[in-house]
Amino acid sequence: MLFDTHAHYDDGAFDKDREEILAGLGAVGVGAVVNVGASLESTRRTLELAWRYPFIYGAVGVHPSECGALTEEDIRWIESLASGKKVVAIGEIGLDYHWEEPERGLQKKWFARQLAMARCVGLPVIIHSRDGAKDTLDILKAEKGEEIGGVVHCFSYTWETARVCLDMGFYLGIGGVATFKNARRLKEVVAYAPLDRLVLETDCPYLAPEPHRGKRNDSRYLSYVAEAVAAIKGIGREQVEAVTWENARRLYRLS
Ligand code: NI
């Protein structure tokens with residue numbers, strides 16, 4: 001079975017056929033999905049999906065690009081959701097320096113605040129980090145990330161950075177980029193990282209793997225990512241599926 005550890009089925013890209021796709025996932029070997037909140041509104045919709053579908057779990061939190069207008073009251077609202085039966089993580093949270101806005105000071109403030117909240121409620125975090133490796137690691141260290149745990153999703157940094165994240169106990173989220181021809185750096189990370197610290201993700205509707213690159217992504221394409229990881233590691237796809245399934249359950253503390 002495949003575990004899609006990071007999806008956005010609340011996204012408008014699925015408005016026309018969301019039910020059809022979700023209803024068909026079991027038949028193609030996708031056994032579990034974590035839908036990830038990126039804003040207050042998508043966190044709300046994430047919970048609706050998790051209540052409705054037995055195999056969908058939810059992560060609650062605010063993405064760095066959406067944190068510009070956050071308030072302490074919003075954080076308390078998210079915190080109040082954390083005890084929900086199907087809520088398995090705080091996320092996605094982090095830093096995205098690819099975009100100018102919101103300014104870095106604000107991104108750092110709300111990343112640290114949501115990490116502290118995750119520690120308080122005892123949930124792992126889903127970290128989104130783009131073009132900001134150093135600040136991400138500095139904040140993780142300051143907030144005692146090794147006591148919180150979680151996953152660095154859509155991992156995009158070097159092996160040296162991966163090693164620091166692994167040493168802090170984090171998992172690495174591997175998605176469609178692993179299938180791209182020019183993804184040398186990520187392939188190196190996949191090759192070096194222990195298989196028992198990798199989890200598979202789509203980040204759908206974004207980042208569709210080859211041969212669907214550039215199109216809308218969904219969990220039915222996750223098998224291409226499993227295949228790419230198997231090829232890089234020189235092992236069978238079944239082994240990748242079985243081990244990453246268990247990894248995901250450990251990451252999200254599903255017993
Ligand atoms: Ni995402």
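All residue numbers in this chain count up from 1 along the given sequence. All figures in this text were calculated on a predicted structure; none of them were measured in a lab. Read the numbers this way: they start at 1 and go in the same order the structure lists the ligands and their atoms.
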* His6 near the Ni ion (ligand 1): N/O/S under 2.8 Å ->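 Yes - counting backbone and side chain alike, His6 has an N, O or S atom under 2.8 Å.
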* Tell me whether His128 has at least one N, O or S atom under 2.8 Å from the Ni ion (ligand 1). =>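 False for His128.
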* In terms of the angle between their ring planes, are His63 and His128 parallel, tilted or perpendicular, with boundaries placed at 30° and 60°? ->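 Geometry flag for His128 against His63: tilted rings.
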* Asked: What N/O/S atom of Glu92 is the closest to the Ni ion (ligand 1)?
  ->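 The Ni ion (ligand 1) is closest to the Glu92 atom OE2, counting only N, O or S.
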* Angle, OD1 of Asp203 through the Ni ion (ligand 1) to NE2 of His8 - 10° precision ->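 Computed angle, vertex at the Ni ion (ligand 1), rounded to 10 degrees: 90°.
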* Is the Tyr224-His212 ring centre distance short of 6.0 angstrom? ->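 Yes - the distance between ring centres of Tyr224 and His212 falls below the 6.0 Å cut-off.
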* Asked: Can you find a side-chain donor-acceptor pair between Asp135 and Tyr97 that sits under 3.5 Å?
  ->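 Checked: Asp135/Tyr97 side chains pair up, N/O donor to acceptor below 3.5 Å.
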* Please determine, by modelled atom types, if Arg250 and Tyr171 share a side-chain donor-acceptor pair under 3.5 angstrom. =>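 There is such a pair between these side chains.
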